[in-house]
2 protein chains.
Amino acid sequence: MKDLMQEEKKGFVRKTRQRELILKTLRSTNSHPTADWIYERVKKEMPNISLGTVYRNLGTLREMGEIMELNYGSKFSRFDGNPENHYHFVCTKCGKVMDVEGCSVDREVDEMVARENNVEVFFHRMEFYGLCSDCKEK
Amino acid sequence: MKDLMQEEKKGFVRKTRQRELILKTLRSTNSHPTADWIYERVKKEMPNISLGTVYRNLGTLREMGEIMELNYGSKFSRFDGNPENHYHFVCTKCGKVMDVEGCSVDREVDEMVARENNVEVFFHRMEFYGLCSDCKEK
DNA sequence: ATGAAAAAGATAATGATTACTATTTTAAAT
DNA sequence: ATTTAAAATAGTAATCATTATCTTTTTCAT
Ligand SMILES: [Mn+2]
Ligand SMILES: [Mn+2]
Ligand SMILES: [Zn+2]
Ligand SMILES: [Zn+2]
């Protein structure tokens, strides 16, 4: 029942084959996969890799700003090879996560919220929920 | 590694003292508490209540549309006695969750996203991250 | 009051994630 | 090229919020 969401800075980060493969794998898809999906994928090329290594490196890559971690009230995280802030659509039927087209990130609303609430805003996230094009029809 | 986010409909729901107390407790605060916080609070008035009952009823109340469940990439959920869609601010330093003032929910963007992405949008959520007024000053 | 369904309380199980540890790998210094 | 200390890995155990299970109790329509 404890939780810090501070992004702690990392000291030296050495280059490893494991981390490079994990990043390449995540960058090669736009499906916003889970850690386990990445693990299964990466294992085909590096059979001895362990799930802990995948989690550790996803955390390191997030701290490095190379990837994003997404969490939509699900039991598990999804990861995004695109670290630029952007909005997502989540299908409530099939669980698919997609990038939202035609809706760029509005930074002005951050300033407004900061002003009106006497806070400092770093960023915001927005997720749309509904039915994807596949699940829409019937 | 499985997860459905469908809101399954509930059949008969009977009135219980436990659920009423849980709802009253959640409605009496604007701190967006965790299940455990609610449990500890409710236990003072009903010492034999079990944590499972708190979780079960928070789920039921959510299905009934009486409350909202929030999840901000944390390890645990927070709950909101106000079921009307509204935006939240999360302090990355102290973890506090607050309602955002002066920024009403924009339903037009839902239509835009639906049109541009060929999807059906039920709703969207938006969370701002930064430093609260307390954590801002040094 | 009666009975069937729903819910409670107690406890065990689940499962994604993290922690631990002995061994290996990286990369800078020699 | 060797040495060396720090960082990372593989393998495994632990964590812990949440769910499931199961027996008993409560609710509520009849
Ligand atoms: Mn994305
Ligand atoms: Mn709220
Ligand atoms: Zn779908
Ligand atoms: Zn704060």
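A note on names: the letters A, B, ... follow the listed sequences, proteins ahead of strands, and every chain is numbered from 1. None of these values were measured; they are calculated from a predicted model. No hydrogens, no waters, no symmetry mates; every other heavy atom, side chains included, goes into these values.
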Checklist outcome for this item: Residue set satisfying side chain to side chain donor-acceptor pair (under 3.5 Å) with B:E101, at least two apart, ordered chain then number -> none
Checklist entry - Any idea which of C:dA27, C:dT17, D:dC28 is nearest the A:K15 side chain? => result C:dA27
What's touching nucleotides 2-5 of chain C from the protein side, N or O pairs under 3.5 Å?
residue : atom : partner : partner atom : Å
C:dA5   : N3   : B:R14   : NH1          : 2.5

Checklist outcome for this item: Under a side-chain separation threshold of 4.5 Å, the hydrophobic residues clustered together with A:M112 are none
Checklist entry - What integer distance in Å separates A:F76:CZ from D:dT18:P? => result 15 Å
Next on the checklist: It should be established whether B:T16 places a side-chain nitrogen or oxygen under 4.0 Å from OP1 or OP2 of nucleotide C:dA8.
Outcome noted: yes
Next on the checklist: Once you measure the plane-to-plane angle for B:H32 and B:H88, does it fall in the parallel (<30°), tilted (30-60°) or perpendicular (>60°) bin?
Outcome noted: perpendicular
Checklist outcome for this item: Separation of C:dA8 atom P from B:L21 atom CG, nearest Å, is 12 Å
Checklist entry - Going by side-chain heavy atoms closer than 4.5 Å, which hydrophobic residues are tied to B:V113, directly or by a chain of links? => result A:Y87, A:F89, A:M98, A:V100, A:V105, A:V109, A:V113, A:V119, A:V121, A:M126, A:F128, B:Y87, B:F89, B:M98, B:V100, B:V105, B:V109, B:V119, B:V121, B:M126, B:F128
Checklist entry - OH of B:Y55 versus P of C:dT11: gap in Å, rounded? => result 18 Å
Checklist entry - Just how far, in rounded Å, is C1' of D:dA8 from CG of A:L58? => result 15 Å
Checklist entry - Excluding sequence neighbours, so at least two apart, what forms side chain to side chain donor-acceptor pair (under 3.5 Å) with B:S50? => result B:T53
Checklist outcome for this item: Apart from B:F12 itself, members of its ILVMFWY cluster (side-chain separation under 4.5 Å) are none
Checklist outcome for this item: The side chain to side chain donor-acceptor pair (under 3.5 Å) partners of B:R19 (sequence neighbours excluded) come to B:N57
Next on the checklist: With the threshold set at under 4.0 Å for non-hydrogen atoms, list the residues of residues 47-54 of chain B touching DNA chain C in residue-number order.
Outcome noted: B:N48, B:I49, B:S50, B:T53
Item to check | Presence of salt bridge, B:R17 and B:E20, under 4.0 angstrom | outcome: no
Next on the checklist: Need one value for A:R56: base, sugar-phosphate or nothing, where a base atom within 4.0 Å counts as base even if backbone is also close, heavy atoms only.
Outcome noted: base
Checklist entry - Starting at NZ of B:K75 and ending at P of C:dG15, how long is that distance when rounded to a whole Å? => result 19 Å
Checklist outcome for this item: A:Q18 atom CD is separated from C:dT24 atom C1', nearest whole Å, by 10 Å
Item to check | For atom CG of A:N57 and atom P of C:dT25, their distance in whole Å | outcome: 16 Å
Next on the checklist: What contact category does A:S77 fall into here, base, sugar-phosphate, or nothing, at under 4.0 angstrom with non-hydrogen atoms?
Outcome noted: sugar-phosphate
Checklist outcome for this item: Separation of C:dT18 atom C1' from A:D36 atom CG, nearest Å, is 15 Å
Checklist entry - Taking OP1 and OP2 of D:dT26, is either one under 4.0 Å from a side-chain nitrogen or oxygen of B:R17? => result no
Checklist entry - Sequence neighbours excluded, which residues qualify as side chain to side chain donor-acceptor pair (under 3.5 Å) partners of A:D134? => result A:K96
